[in-house]
There are 2 protein chains.
Amino acid sequence: MSNIREVARLAEVSVATVSRTLQQPDLVSLKTRNKVLAAVKAAGYKPNLMAVRFRSGKTHNLVVLVPTVANVFFARVISGMQEAAHDNQYALLLGNTLGDDEMEAAYARMVQTSQADGLIQLRAHNPFDALQQPDAGDEAPALLPMVNACEVLDKAPCPTVVLDNRAAACAMTEHLLALGHRRIAMIKGPARSPLTRDRVAGYRDALEAAGVPFAAELLSPGNFSLQSGFDAAADLLALPNPPTAIFCENDEMAIGAIQRIKQQGLRVPADISVAGFDDISFAAFADPPLTTIAQPAEEFGRTAVRLLIDVLEGKLSKAPKVILPFDLVIRASTGPAPGAHQQQPDLQQKDQPDKS
Amino acid sequence: MSNIREVARLAEVSVATVSRTLQQPDLVSLKTRNKVLAAVKAAGYKPNLMAVRFRSGKTHNLVVLVPTVANVFFARVISGMQEAAHDNQYALLLGNTLGDDEMEAAYARMVQTSQADGLIQLRAHNPFDALQQPDAGDEAPALLPMVNACEVLDKAPCPTVVLDNRAAACAMTEHLLALGHRRIAMIKGPARSPLTRDRVAGYRDALEAAGVPFAAELLSPGNFSLQSGFDAAADLLALPNPPTAIFCENDEMAIGAIQRIKQQGLRVPADISVAGFDDISFAAFADPPLTTIAQPAEEFGRTAVRLLIDVLEGKLSKAPKVILPFDLVIRASTGPAPGAHQQQPDLQQKDQPDKS
DNA sequence: ACAAAAAATGTAACGGATTACATTTTATGA
DNA sequence: TCATAAAATGTAATCCGTTACATTTTTTGT
């Protein structure tokens, strides 16, 4: 591979002139410029970006830690990241951590070893914790080169992009309450996650506001997989007094739950309503189409990347917390509670699979 | 960030000794080694990998070009890549190309500019085509630092990992034929893709072997999305003589098709059988659970990465073509053709009264 | 046409780790 | 104990593009 010295030789100029021709053409006379450009072409010269970045100390790479790319929602988030990164000349290094702290630490180490400039974390966990912290004795507690998105740390030492999960869960629960449901179950995500905690809190907010007592047995654990929704639904249906509605913390679990309910010979939503969260593409094509909370997944990714780049360029002094909007999407998987006499909320539209 | 010279100073040795202590400890006396290791710890020294890689000329990054990460199947493939890459100390640079040639070329350029050592392409397209080819006049037509996986080029100038799509489609079609179906439709993928061509070929192979005439109107175009399966099914159902079975080239389209069929008031599989391809996680949780062809998605990714690393390390002189196995997974979305008197499935008699 | 300012170009240091080669220290054998 | 081999360590070049600073050439004003 030809280098800049080769080009300089061909063009009979110095390496500085070649570099300037490519970086700041204004500083080079037209005549020389042409000579250099011709030489560049003749040599098939492409600047070695490893050298450029080594010298500049910036890799222009961002690591993204994702529990699993196989999750449809995360895939959309990553899509958005990719878009923003590409627009800003950054590249995305994928870190599929499978939720393993060891793996996370390994990817986080890429930042300390100058393989990447910064990191985006989609899980509520500080991957730098395990690593030796930068000098804690400093006066300026500089921002970590990190952004936390979707599932954020309680007190993150970095910018965050998040949904108001509590409000969203509350909105969905209110929707179910408005349909006359009183025994509303929830299939949760992993116990430790703040996101799960927030959604449960929103669910309880709505119950409380409606004067419906909270029943612990209606909270069922899940792990965001189809299978866990299926299993959790089985448990809920086996209760002495089963729920008339199940609110799942993501769409996969909702789809799994619907499957289980139907296998039991029950109808959705005639016997049991089911709601999800995320509005993945499969939600609109579920049977029945799934009522869910739509999240701007791609926007999560784009925003996270933009924030991280701002951090890296020192444009941020405080760590902002960006809250993205959600949307309650009512489809056909939720309906009036069996036997409930409720007033028709006319705003209720059960749309078909939408376009897009 | 401390560097090797800082450590050398602390340990009162030369930089060479520090480097050797870390790279080839055998060459360093125990006494010196301990001194150096203590200094490394004291300085919190982490080798700057940008410098290492700049000097070695190897980035240890691999670019993966994927039409869209939002596709569940590709997400699994990437998962496998990640695993193999991590095991081999490589990192994955994600290139979400959206099928855009310009974008592909941009990512491919990362290889020429030493941002990555090699590239994995999941689409049947040579991204280097657009770029100036390496000196074609050479005597040794060295392998491109590229591997093509899943959807491969007809005559790829690089190793490939592929499924025998023709055989798989043939097997699925035989399954449908064995159930007594005679009007079997196919919802295809994008017209240009070799993968689609192969699956159609396999479908026709099976029809021909069974003496069932091929009907062009039963081939419906799709683009692998849920919506396109939905739309294509609508078209097929509107035919004067609609199919009794629909074989979709991926699971998303199959799920979309099932949705459409049910909306029409028809039952799956009682009225129409539907089959998919890929066996994504949603397939088992479709209603009814989807009969499909299981592909070893993660293994595609792992194999592709291993092959690429072999190419990069010069372990390969010829470009191998790896064919991975498929598996016909029969679930509940396919059943006997309506009105067909069919025998034991394993007898597979094909002399049913034809209503042509 | 000449001095001074402006523009163009060149020289060489720099970034951080590796490593060929040179040099010093230690071990070995007679 | 000395010569020599072996082990340990050090010196400095190298990878390649950028850029501060130095030098040369051109332009400008009078």
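Bear in mind that the values here come from a model prediction, so they are computed numbers and not experimental data. Convention: sequence-line order gives letters A, B, ...; per-chain numbering from 1. Scope of the values below: all heavy atoms of this structure, side chains included, with no hydrogens, waters or symmetry mates.
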Residues of residues 17-24 of chain B with any non-hydrogen atom less than 4.0 angstrom from an atom of DNA chain D: list those, numerically ordered, please.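 Result for residues 17-24 of chain B: B/T17, B/R20, sorted by number.
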
Mind checking what makes ring pair (Phe, Tyr, Trp, His ring centres under 6.0 Å) contact with [X], not counting sequence neighbours?
X	answer
B/Y90	B/H60
A/F224	none
A/F300	none

Can you tell me if the side-chain N/O atoms of A/Y45 get under 4.0 Å from OP1 or OP2 in D/dC16?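 No, outside the criterion.
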
OP1 or OP2 of D/dC16 less than 4.0 angstrom from a side-chain nitrogen or oxygen of A/N3, does that happen here?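 Yes, such a contact exists.
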
Is A/K35 salt-bridged to A/E12, going by a charged N under 4.0 Å from an acidic O?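 Salt bridge between A/K35 and A/E12, a charged N being under 4.0 Å from a carboxylate O: no.
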
Which residue, A/L30 or A/V15, contacts DNA chain C at a nucleotide closer to its 5' end, judged by nearest heavy atom?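 With A/L30 and A/V15 compared, the 5'-side residue is A/L30.
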
Contacts of A/V162 that satisfy side-chain contact (heavy atoms from CB on, under 4.5 Å) - sequence neighbours left out: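 Expected list: A/V152, A/N165, A/K321, A/I323.
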
Nearest-angstrom distance from the residue atom [atom1] of [X] to [atom2] of [N]:
X	N	atom1	atom2	result
B/Q115	D/dC16	CD	P	16 Å
B/R55	D/dA13	CZ	C1'	8 Å
B/M50	D/dT18	CE	C1'	14 Å
B/R5	D/dA12	CZ	C1'	10 Å
A/L49	D/dG17	CG	P	9 Å

Could you work out, with side chain to side chain donor-acceptor pair (under 3.5 Å) as the rule, every residue matching A/H125, not counting sequence neighbours?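 Residues passing side chain to side chain donor-acceptor pair (under 3.5 Å) with A/H125: A/E104, A/R123.
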
Got a sec, which residues hit side chain to side chain donor-acceptor pair (under 3.5 Å) with B/R306, two or more places apart in sequence or on another chain?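 Here no residue qualifies.
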
Pairs of donor and acceptor atoms involving the side chains of residues 19-31 of chain A, under 3.5 Å and at least two apart or interchain, shall be tabulated with distances.
from	atom 1	to	atom 2	distance (Å)
A/T21	OG1	A/T17	O	2.6
A/S29	OG	A/T32	N	3.3
A/S29	OG	A/T32	OG1	2.8

For the helix from C/dA1-D/dT30 to C/dA30-D/dT1, how many degrees between its two end axes (five pairs per end), to the nearest 10°?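 Computed from the C1' atoms at both ends, the axes differ by 30°.
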
Mind checking whether A/N126 and A/M146 have side chains closer than 4.5 Å, heavy atoms only?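 They are in contact (side-chain heavy atoms under 4.5 Å apart), so the answer is yes.
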
Please identify each residue that fulfils salt bridge (charged side-chain N to carboxylate O under 4.0 Å, His left out) with B/E313, with sequence neighbours left out.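 Here the qualifying residues are B/K315.
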
For DNA chain C, which nucleotides open and close the run of contacts to chain A, 5' to 3', at under 4.0 angstrom from a non-hydrogen atom?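 Contact boundaries, 5' end first: C/dA8 to C/dG16.
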
Residues 72-82 of chain A side chain polar contacts: donor-acceptor under 3.5 Å, at least two apart:
from	atom 1	to	atom 2	distance (Å)
A/R76	NE	A/E298	OE1	3.4
A/R76	NE	A/E298	OE2	3.0
A/R76	NH1	A/D279	O	3.3
A/R76	NH2	A/E298	OE1	3.1
A/S79	OG	B/N96	ND2	3.0
A/Q82	NE2	B/L94	O	2.9
A/Q82	NE2	B/Y107	OH	2.4

